[in-house]
Visitor: 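A single structure is presented below for examination.
First the proteins, then the strands, lettered A, B, ... as listed; each starts at 1. Side chains are part of it too, since the values below use all heavy atoms of this structure and drop only hydrogens, waters and symmetry mates.
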Amino acid sequence: MAGDSAVGRRAGKATMAGRLAADLGLALVGADLPLSRVAPLHAADASCLSFLADRRYRSRLMDTKAGAVILRQADADAAPCAVLIADNPELAFARAAAVLHPRAAAAAGIHPTAVVDDSASVDGAASIGPFCVLEAGVTVAAGVEMGPHCCIGAGTSIGPDTRLVAHIVVCAGAAIGARVLLHPGAVIGREGFGFARDGERWVRIPQVGGVRLGDDVEIGANTTVDRGAIEDTVIADGVKIDNLVQIGHNVVIGANTAMAACSGISGSTRIGARCTVAGAVGMAGHLHIADDVHFTGMAMVTRSQSEAGVYSSGIPAMPNADWRRTIGRLRRLESLERRVQRVEEALASRKTGGAEPSPD
Amino acid sequence: MAGDSAVGRRAGKATMAGRLAADLGLALVGADLPLSRVAPLHAADASCLSFLADRRYRSRLMDTKAGAVILRQADADAAPCAVLIADNPELAFARAAAVLHPRAAAAAGIHPTAVVDDSASVDGAASIGPFCVLEAGVTVAAGVEMGPHCCIGAGTSIGPDTRLVAHIVVCAGAAIGARVLLHPGAVIGREGFGFARDGERWVRIPQVGGVRLGDDVEIGANTTVDRGAIEDTVIADGVKIDNLVQIGHNVVIGANTAMAACSGISGSTRIGARCTVAGAVGMAGHLHIADDVHFTGMAMVTRSQSEAGVYSSGIPAMPNADWRRTIGRLRRLESLERRVQRVEEALASRKTGGAEPSPD
Amino acid sequence: MAGDSAVGRRAGKATMAGRLAADLGLALVGADLPLSRVAPLHAADASCLSFLADRRYRSRLMDTKAGAVILRQADADAAPCAVLIADNPELAFARAAAVLHPRAAAAAGIHPTAVVDDSASVDGAASIGPFCVLEAGVTVAAGVEMGPHCCIGAGTSIGPDTRLVAHIVVCAGAAIGARVLLHPGAVIGREGFGFARDGERWVRIPQVGGVRLGDDVEIGANTTVDRGAIEDTVIADGVKIDNLVQIGHNVVIGANTAMAACSGISGSTRIGARCTVAGAVGMAGHLHIADDVHFTGMAMVTRSQSEAGVYSSGIPAMPNADWRRTIGRLRRLESLERRVQRVEEALASRKTGGAEPSPD
């Protein structure tokens, strides 16, 4: 399906290491072998390109059977094979892997089973897969790849070279940028969780805001991004969001912020640029998070953070018996504080000849 | 798609403020202007209706360019424009927004691409979207709007005016009430997580119970509600559930309870009426939660709660270094308790001329 | 839809208790009645088979109106009806329920609306539902039941008797075993969350690994299992995963491990065999978890665990006021430690005639 690269990325025809080095602007030191695929150091053979980014794995480097390895100059001496020197081996590897495992692009055109409204505009160089539904006024730019079973609501615009892998729902009026990647099951722009109380009952507040995804945004599988209640929900350029994440209405996420899976951002919270949010983080609503803030996994974010830095919470798992004792001690903290106070008073009274503290 | 209101809710033709006030039973004070859309106080122009519910925003009220504002009598004096007086401004605004931004109803009828079993019964005033699949014996009442790619399992009944936005799976035998709203990706009635052990292996226990959603229920995007194991899973009237929530088999949720995103309710737990469950709350199984219980975000609910009230847990995020020290102190609590005890013994022994405590 | 058994599991024709006992290898004590369905002890009538596994429910047993009950020999005396004696009543009940509520198998064949690539190979005894999309080189074995709206990426193989209920996306090149059960909305093999930094921007690292699901694996509704980055993501035989779970790239899960809903496993973590992971557990990446490790609900797993056992974390919910005080005491722990130290010093100085501690 569109953007489904697994088989497309199976080894293509081999590329010479020297050619690869030239294309990536790297220095090749050693034999100019043909390379046909990428592999980890420990599993590579002579046809494989591998990489070393973390020096802790230097021992694996020494033992590798890879034909060539991308690494830093400082690690080159330890390599038993040809090396491609890079300041940022991981980045160079990402680019090399894209060369060795080119993605199979979907053929342009609209699949005959797709239901496309007469008023929708689909560029001739876009690909619309089987059973897609494009409602009135949808615009699809050149290079878009839309896999099977995507529903695009009325008036939505999709920018160039954006991939919708499969099974994606984009509700009406959404604005999707260029080179966006939407993974299967993502739901963009549903009406958010906004209600007014009418006695015991809840009355839905119409959600009239929109949702905008900038360029180079990525939204994970089964992740949900709600439209705004009255203003827009905004995901800025370069934001990467993993699977099963909830983005509430009116949330604004700054450029190049990355969020790992299972996190939830409550309504109207604003997150800065270049932040990282690890897995299963929860954020309350109406918070302001500064740029360059980093939350570790399962952090419970209940306050705005105006300072860049790393923030954390949560108790790491321990053997169940230890945990039960720890919880018990937490419950006894009040009495422990009282005991300490009594002891302090007793010591003070000694000096002043006062009375002993009464028992608890 | 069905129920996809974003564009449907774009400004329709203007409504006079006086007409709106009359329809909503509110008093209009000031000029009877035409209003064409809703907007927040700070972004409104003369064609906009806005509202003030939280008095902390009175300063925004004073500066607003809105044509009219819904607010309480007590705030009317601060408005620079026409006002509509309401006891519950948020509720009045919800209704006004529905007037100014009417939802575009889907046309009645069955899309030619839908696959509808001969034994299914679809009311003539219902709308079935492209690529829907209705299995044997499904009944669909008048006013139902079903968007693209919905799968409705055999024997399921769907009540009047219920909206299935798109991409919804309702497994066989489900009973869906009236005016229900199911958001994209919701899965209703899948076989729950029930297994018997057979040595090391797990053997599935057939899940023969059903699932019932009452009237005015809302189920969020990509939320999953499992069918009962042997009795039914029941979501009572007026319950509102946000995105990415898991409702286990045999769970019973009382009327007008609301649950925010990313929460999970384990099997056979019963939640009362009028409860609120904030985001990312986890509940163990087989609990009984009373009416009017409120859980704050990320609460870990391991015990039944028979008393109405607010319940919480979890440590708010703090700078990582502080958090590491806090975890360290938690680990030292045991020795701290011992130290306090020794000190107490030392003081007691002073009185009785006893020995000093031995060092740790 | 395929595997949607609810209505299929409605009472079929009655089965005699004696016949059932013989089929399951159980001893029948009492009248050989016709049984037509399963029911819980308290809701059963004379046509129902029930069971007692947990002795705490013996009182319900004494009051049951069931025609027959599966139970242990030790509980037989308390039954007012016929009994089927089993060492593992829950397991026997699971098998009996499957007999009394047989699943309606889907008819073999490819639905005319399905889009199947010419190079795909579908066994004549497999069932492919409406609007399914099978890409190039897909192989589907005998007995497979694929419900509506499934997308199967190029080169994927699906083993015999595997059920894809509906709305499932399997990305290209996946290997799915025999008797696997994939629930609606599951996404198997999407490209995982792997990026290299390029200054402030994130550059996707092509995910060229695969994903393998062993035999008898179950994947819950809207659960996501990412493909490997460079090696494979592997879910071993008999693993059961609940709804809304995230499995990151390169994760390896050992045989017969079970994971409850809303959990998230970060990339490259390896979990042993026979583990249980309760709901909403979060695991960091690159961990090694031994066999027979059990995590309780909402545990925050940040370290590898080499020892079998039960591990926990998290603070159980309490009344909000108590919780606020507890958090306050946690914040005061540092000063409490200092106070205890001062008291200890004061006592020591008494012995040595030293000075009083200075106030805080």
Visitor: Need one label for B:P130: side chain, backbone, both or neither, based on atoms under 4.5 Å from any heavy atom in chain A.
Guide: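 Side chain of B:P130 only, per the 4.5 Å heavy-atom cut-off to chain A.
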
Visitor: Do you know which of B:L244, B:D216, B:D242, B:L336 has the most heavy-atom pairs with chain A at a distance under 4.5 angstrom?
Guide: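 Going by pairs under 4.5 Å, I would pick B:D242.
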
Visitor: Sort A:Q305 into side chain, backbone, both or neither according to what part of it lies under 4.5 angstrom from a heavy atom of chain B.
Guide: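 The side chain, not the backbone.
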
Visitor: Indicate yes or no: at least one non-hydrogen side-chain atom of B:L100 is less than 4.5 angstrom from one of A:V208.
Guide: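 The answer is no; the side chains never approach within 4.5 Å.
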
Visitor: Kindly write out the residues that satisfy salt bridge (Lys or Arg N to Asp or Glu O under 4.0 Å) with B:D161, not counting sequence neighbours, or none if the list is empty.
Guide: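 Result, salt bridge (Lys or Arg N to Asp or Glu O under 4.0 Å) vs B:D161: none returned.
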
Visitor: Go through the atoms of B:M300 and report whether side chain, backbone, both or neither lie under 4.5 Å from a heavy atom of chain A.
Guide: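 Side chain only.
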
Visitor: Let me know if A:E231 has heavy atoms under 4.5 Å from chain B in its side chain, its backbone, both or neither.
Guide: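 It is the side chain, since no backbone atom gets that close.
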
Visitor: Name the region of B:A280, side chain, backbone, both or neither, that has any atom closer than 4.5 Å to a heavy atom of chain A.
Guide: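 Contact with chain A: none, neither part.
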
Visitor: Counting only non-hydrogen atoms closer than 4.5 Å, does A:M318 touch chain B with its backbone (N, CA, C, O), its side chain (CB onward), both, or neither?
Guide: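 Neither part, no heavy atoms under 4.5 Å.
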
Visitor: Find the distance between CZ (B:R95) and CZ (A:R204) and round it off to the nearest 0.5 Å.
Guide: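 So the CZ of B:R95 and the CZ of A:R204 are separated by 15.0 Å.
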
Visitor: Please identify each residue that fulfils side chain to side chain contact (heavy atoms under 4.5 Å, CB included) with B:R72, with sequence neighbours left out.
Guide: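 In terms of side chain to side chain contact (heavy atoms under 4.5 Å, CB included), with neighbours along the sequence ignored, B:R72 is linked to B:D75, B:P89.
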
Visitor: Taking 4.0 angstrom as the limit, do A:E191 and B:R163 come out as a salt bridge?
Guide: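 Here A:E191 pairs with B:R163 in a salt bridge, since their nearest N and O are under 4.0 Å apart.
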
Visitor: Go through the atoms of A:T296 and report whether side chain, backbone, both or neither lie under 4.5 Å from a heavy atom of chain B.
Guide: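 Side chain only.
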
Visitor: Can B:N88 and A:D198 be said to form a side-chain contact (heavy atoms from CB on, under 4.5 Å), step by step?
Guide: CA-CA 8 Å; B:N88 182 345; A:D198 181 13; 5.8 Å; no

Visitor: Checking A:A284 against chain B: side chain, backbone, both or neither under 4.5 Å from a heavy atom?
Guide: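 For A:A284, neither part sits under 4.5 Å from chain B.
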
Visitor: Going through the checks in order, is the side-chain contact (heavy atoms from CB on, under 4.5 Å) test met by B:E90 and A:R197?
Guide: CA-CA 8 Å; B:E90 192 170 35; A:R197 279 198 171 282; over 6 Å; no

Visitor: Taking only distance into account, with no hydrogens and no angle test, what donor-acceptor pairs under 3.5 Å do side-chain atoms of residues 166-175 of chain A form with protein atoms, sequence neighbours excluded?
Guide:
from, atom 1, to, atom 2, distance (Å)
A:H167, NE2, A:H149, ND1, 3.4
A:H167, NE2, C:H149, O, 2.8

Visitor: Would you mind reporting whether A:I315 and B:I315 have side-chain heavy atoms less than 4.5 Å apart?
Guide: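 Side-chain contact under 4.5 Å: yes.
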
Visitor: Where does A:V245 contact chain B at under 4.5 Å (heavy atoms): side chain, backbone, both or neither?
Guide: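 It is the backbone, since no side chain atom gets that close.
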
Visitor: Between CZ of B:F93 and CD1 of A:I230, what distance do you get to the nearest 0.5 Å?
Guide: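 Those atoms lie 4.0 Å apart.
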
Visitor: B:S50 versus chain A, heavy atoms under 4.5 Å apart: side chain, backbone, both or neither?
Guide: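 Neither part; nothing is under 4.5 Å.
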
Visitor: Which of the residues B:N320, B:L333, B:N243 is involved in the greatest number of heavy-atom pairs with chain A at under 4.5 angstrom?
Guide: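 Looking at each of B:N320, B:L333, B:N243 in turn, B:N243 comes out on top.
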
Visitor: Sort by residue number and list every member of residues 321-331 of chain A having a non-hydrogen atom under 4.5 Å from chain B.
Guide: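 Within residues 321-331 of chain A, the residues under 4.5 Å from chain B are A:W323, A:T326, A:R329, A:L330, A:R331.
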
Visitor: Measure the shortest side-chain to side-chain distance between B:H101 and A:P206 over non-hydrogen atoms and say whether it is less than 4.5 angstrom.
Guide: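 Not in contact.
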
Visitor: Considering all heavy atoms of both residues, which atom of B:C262 and which atom of A:S263 are nearest to each other, and what is their separation?
Guide: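 Between these two residues, the closest heavy atoms are SG-O, 4.3 Å.
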
Visitor: For the interface with chain A, which of B:A221, B:G185, B:A261 has the highest count of heavy-atom pairs at distances below 4.5 Å?
Guide: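 Answer, by heavy-atom pair count under 4.5 Å with chain A: B:A221.
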
Visitor: Against chain B, label A:R190 side chain, backbone, both or neither, depending on which of its atoms sit under 4.5 Å from a heavy atom there.
Guide: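 The side chain, not the backbone.
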
Visitor: Contact between B:E218 and A:F195 at the side-chain level, heavy atoms closer than 4.5 Å - yes or no?
Guide: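 Sidechains of A:F195 and B:E218: in contact.
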
Visitor: Given the rule in the side-chain contact (heavy atoms from CB on, under 4.5 Å) test, do B:T113 and A:F131 qualify, once you have shown the distances and angles that lead to the verdict?
Guide: CA-CA 9 Å; B:T113 61; A:F131 309 122; over 6 Å; no

